[in-house]
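Keep in mind that what you see is a predicted model, and the values were worked out from it rather than measured. Numbers here are sequence positions counted from 1.
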Amino acid sequence: MTHNQTEETPASILPIIPTIDVVVFPHMVVPLLVLDEKIIKGVEQAMQGDKKVLLLAAQQSENYHGPIGVQDLFKIGTVSTIMRIMNLPDGGIKVLAQGVEKALVEEVISGQDLLQAKITETSTTTYDEKKAEYQLRNIQALIERISATGRLFSPDFQAILSQIQEPDRITDFILSHLDLSVQQAQALLEKDNLNNLLDGIYDVLSQEVESYNVQERIRNNTRDSINKSQREYYLREQMKAIQKELGEEGENENDDLREKVKTLPLTEEAKLEATRQLRRLEKTAPDSMEATVIRNHLELLLGLPWGVFTKDNTDIKTAKTILESNHFGLDEAKDRILDFLSIRFLNESSHTPILCLAGPPGVGKTSLGESIAKALGRKYFRISLGGVYDECEIRGHRRTYVGALPGRFIQAIKKSESSNPLIIIDEIDKLGMSNRGDPAAALLEVLDPEQNHSFYDNYLGVHFDLSKVMFIATANDLSTIPGPLRDRMEIIQLSGYAHEEKLEIAERHLIQRALKNCGLNNNAPEFNRNVLSKLITSYTREAGVRELGRYLQKLCAKYARALVESNEKIAFSENNIEHYLGPCKISQETFIHSNKIGVSNGLAWTPYGGELLQIEAVLMRGNGRLLLTGQLGDVMKESAQAAITYAKAHADLFTIDAKLFNEYDLHIHVPAGAVPKDGPSAGITLLSAILSALTGRAINGSYAMTGELNLQGNVLPIGGLKEKILAAKQFGLHHVIIPKQNARDLSTISQKLYEGINLVFVDNVEEVLNHVLMPQA
Ligand SMILES: Nc1ncnc2c1ncn2[C@@H]1O[C@H](COP(=O)(O)OP(=O)(O)O)[C@@H](O)[C@H]1O
Ligand SMILES: [Mg+2]
């Protein structure tokens, strides 16, 4: 039946192919996929006839995906010719069709196995050619604008377009390239003449331009906001610069460093190095480990007091007053220091030797150095070399080491903020030696005026001039200072204080200091001389006054506490200080003073002051051997040998039984573990003990003695006389036997020191023995 219909009105009834997402315009070629059997039948029928079909677009609501009914098809479509069909394996067909002309659907005929439409021509009105020409020009202008933005139309598009002449072909060509929605395309298809169609196309294109502009505007807005943040950055940078001008702290440390490189009076070498490091710093990430290392180094390099020198006080009177007011006694040392300063005042650039203050602990070496700095008006820095084993402590570590530091001297320069400070090298004798290089050699370089104007510190990495620095060293024991180092220094020997001097120092300095430290300025306790004496004799046995100062401080603290706790003012007396300080620390060793056979009192010098050294000799049955104990040094062992030889040689003189030497062993022992026992000055002490043991005559316990012995029986001079006399005094010995040749040393010792001591000068060992050996009991 349908067949008939087709035959009846072949031109006006055509099979329909609904298109889902495309609207076909005349001249447009489209590939279509057909799966519905009814439609396939229609296509097959068309293939047998004039190959004409009607392509009809389906109007889809936006989100609708269900089956499309006949009622959903638009009423205007395009009659097309089928160019080719291809059967698909699953039963569908692929159709390639080209639009021919528009048609209006009068009626959709939906039969059992065919879908057809009854169509008529669409009504078209005539169009204005002139207007169309003008419209096309406008459209082309729009197309140009759009393709200039590189969208929608390819570059060839305009070239092809310019080749086409007929307006409707131009329109078709443009339409086939527009990216239109089905609704938009259908609306264009339904335009009734070319002018209206061109208007429609113009609208679509201008919408495209408009949307592009909107997008562009949005993009520009974001770009604007980016530009804005950049602008803010620049403003902030400017703000920093302004802040810096105003002297407010700038944030950028690198700027700070760069500024310093520019303005500091660096040496040429330092400037180069700093610039190099700055450049490196700028290339490294600011938070990285490496940047920290570089910045630390630069901060040190630029933090050194380049070109900063303090002006010396050159008034010798002021210098003298400062020394006098801070230190009691020490006349010789002060004298030498003033001599030394005078030379400097006269000629600042002269290479004055390095002073070394040597003496027992607590005699004021370090504080004297400090006073010299004050007298000169120089910055002061103390470097303690006790226990420095590593050369790097002086020369600095290479920066490649983790935790690398500059050497002590560069640190000292940095801290003292001046290129000519006074540096005290404290305890230079405690400088260690080890496998980590030779710190003494490094120190030598620092102190040598020939070399120290260009001292190189490994960490700093550039040379620094240390020649304007004034060095003062302190030491307890000169003998442990390496020779070359000792030669560089002018030694000023300080010795221990006598009891009376200690009293004076306590009264003039130590008490005030202790009070000040305890904040007792207005409520000062009284310390009378008896209290001080007891502190000196029963609580301390020292060459200096360090312990004494400490005990005074302790008493002040007790006083302060009583004052705070119960508003009580303690009156210290020699009887009650035990209550506050505990029992006396120093026992009165009465055994020292008793007369005994084979025991003599010697005196020894140590770096820490004089010491009493008892020597014991005992005879026992044996075969003439000599036994020496008490860890004696070689020199002391030899003087023991010499003493025995002398005793043997003079056995007759002392009526010694000769067989004692063959049938008895002699044991010599020197107790007191802490005292180093070496040197020849115990010669007469050893001989006295030995002869006492051999003769059985006791030794007078109130004598102490010191003196070297030779085989002829002469008593030779010794060193450390002052310390030895002080030691004898401290131990309560009233007679001190000393070599006559040492008498000249007394001129350098104040009389006060040996007040109450009977000094016995001897030339010959016989005189010694006459004094100490008591008659046979
Ligand atoms: N002659 C002195 N006059 C005043 N105070 C002194 C004197 N000798 C030492 N002192 C004081 O004794 C304390 C220890 O002195 P210090 O300089 O540390 O001794 P050293 O360095 O020789 O071991 C310091 O408080 C110091 O002021
Ligand atoms: Mg000291």
Visitor: Quick one: does NZ or CZ of Arg541 land under 6.0 Å from the six-membered ring centre of Phe731, within 45 degrees of the ring axis?
Guide: yes
Visitor: Side chains of Asp426 and Thr474 only: does a donor on one sit below 3.5 Å from an acceptor on the other?
Guide: yes
Visitor: Under 4.0 Å between a side-chain nitrogen and a carboxylate oxygen: does that hold for Glu578 and Lys534?
Guide: yes
Visitor: State, with a plain yes or no, whether a side-chain heavy atom of Gln512 is found less than 4.5 Å away from one of Leu515.
Guide: no
Visitor: Any chance the side chains of Thr310 and Asn420 put a donor and an acceptor closer than 3.5 Å?
Guide: yes
Visitor: Would you please indicate if the ring centroids of Phe455 and Phe464 are separated by under 6.0 Å?
Guide: no
Visitor: Are Ser681 and Lys724 linked by a side-chain donor-acceptor pair shorter than 3.5 Å?
Guide: yes
Visitor: Looking only at the side chains, is there a donor atom on one of Asn326 and Ser371 sitting less than 3.5 Å from an acceptor on the other?
Guide: yes
Visitor: Are a donor atom and an acceptor atom from the side chains of Asp312 and Thr314 found within less than 3.5 Å of each other?
Guide: no
Visitor: Would you check if Met705 and Ser600 make a side-chain contact, meaning some heavy-atom pair closer than 4.5 Å?
Guide: yes
Visitor: Looking at Asn576 and His579, would you say the former's side chain and the latter's main chain have a donor-acceptor pair under 3.5 Å?
Guide: no
Visitor: Quick one: does any side-chain atom of Asp678 pair with a main-chain N or O of Met636 as donor and acceptor, under 3.5 Å?
Guide: yes
Visitor: Output yes when Arg408 and Glu393 qualify as a salt bridge under the 4.0 Å nitrogen-oxygen rule, no when they do not.
Guide: yes
Visitor: Salt bridge or not between Arg382 and Glu370? Use side-chain N to carboxylate O under 4.0 Å.
Guide: no
Visitor: Between Arg488 and Asp448, is the closest basic N to carboxylate O distance under 4.0 Å?
Guide: yes
Visitor: Keeping the roles fixed (side chain from Lys365, backbone from Ala475), state whether a donor-acceptor pair exists under 3.5 Å.
Guide: no
Visitor: Got a sec: does the NE2 of His453 have more than 12 other heavy atoms crowding it under 6.0 Å?
Guide: yes
Visitor: Do Lys722 and Ser495 meet the criterion of a side-chain donor-acceptor pair at a distance under 3.5 Å?
Guide: yes
Visitor: May I have the step-by-step check of salt bridge (Lys or Arg N to Asp or Glu O under 4.0 Å) for Lys729 and Glu500, ending in yes or no?
Guide: CA-CA 11 Å; Lys729 223 175 154 183; Glu500 291 72 22; 3.2 Å; yes
Visitor: Should the ring pair Tyr559 and Phe572 be called parallel, tilted or perpendicular, given that the plane angle runs from 0 to 90° and is split at 30 and 60?
Guide: tilted
Visitor: Any side-chain heavy atom of Lys320 sitting closer than 4.5 Å to one from Lys334?
Guide: no
Visitor: May I ask you to decide if the ring planes of His735 and Tyr703 are parallel, tilted or perpendicular, using 30° and 60° as cut-offs?
Guide: parallel
Visitor: Please check if any side-chain donor atom of Thr267 sits under 3.5 Å from a side-chain acceptor atom of His463, or the reverse.
Guide: no
Visitor: Between the side chains of Glu507 and Arg529, is the shortest nitrogen-to-carboxylate-oxygen separation below 4.0 Å, so that they form an ion pair?
Guide: yes
Visitor: Locate the shortest heavy-atom distance separating Arg378 from Pro421; write the atom from each residue and the value.
Guide: NH1-O, 3.7 Å
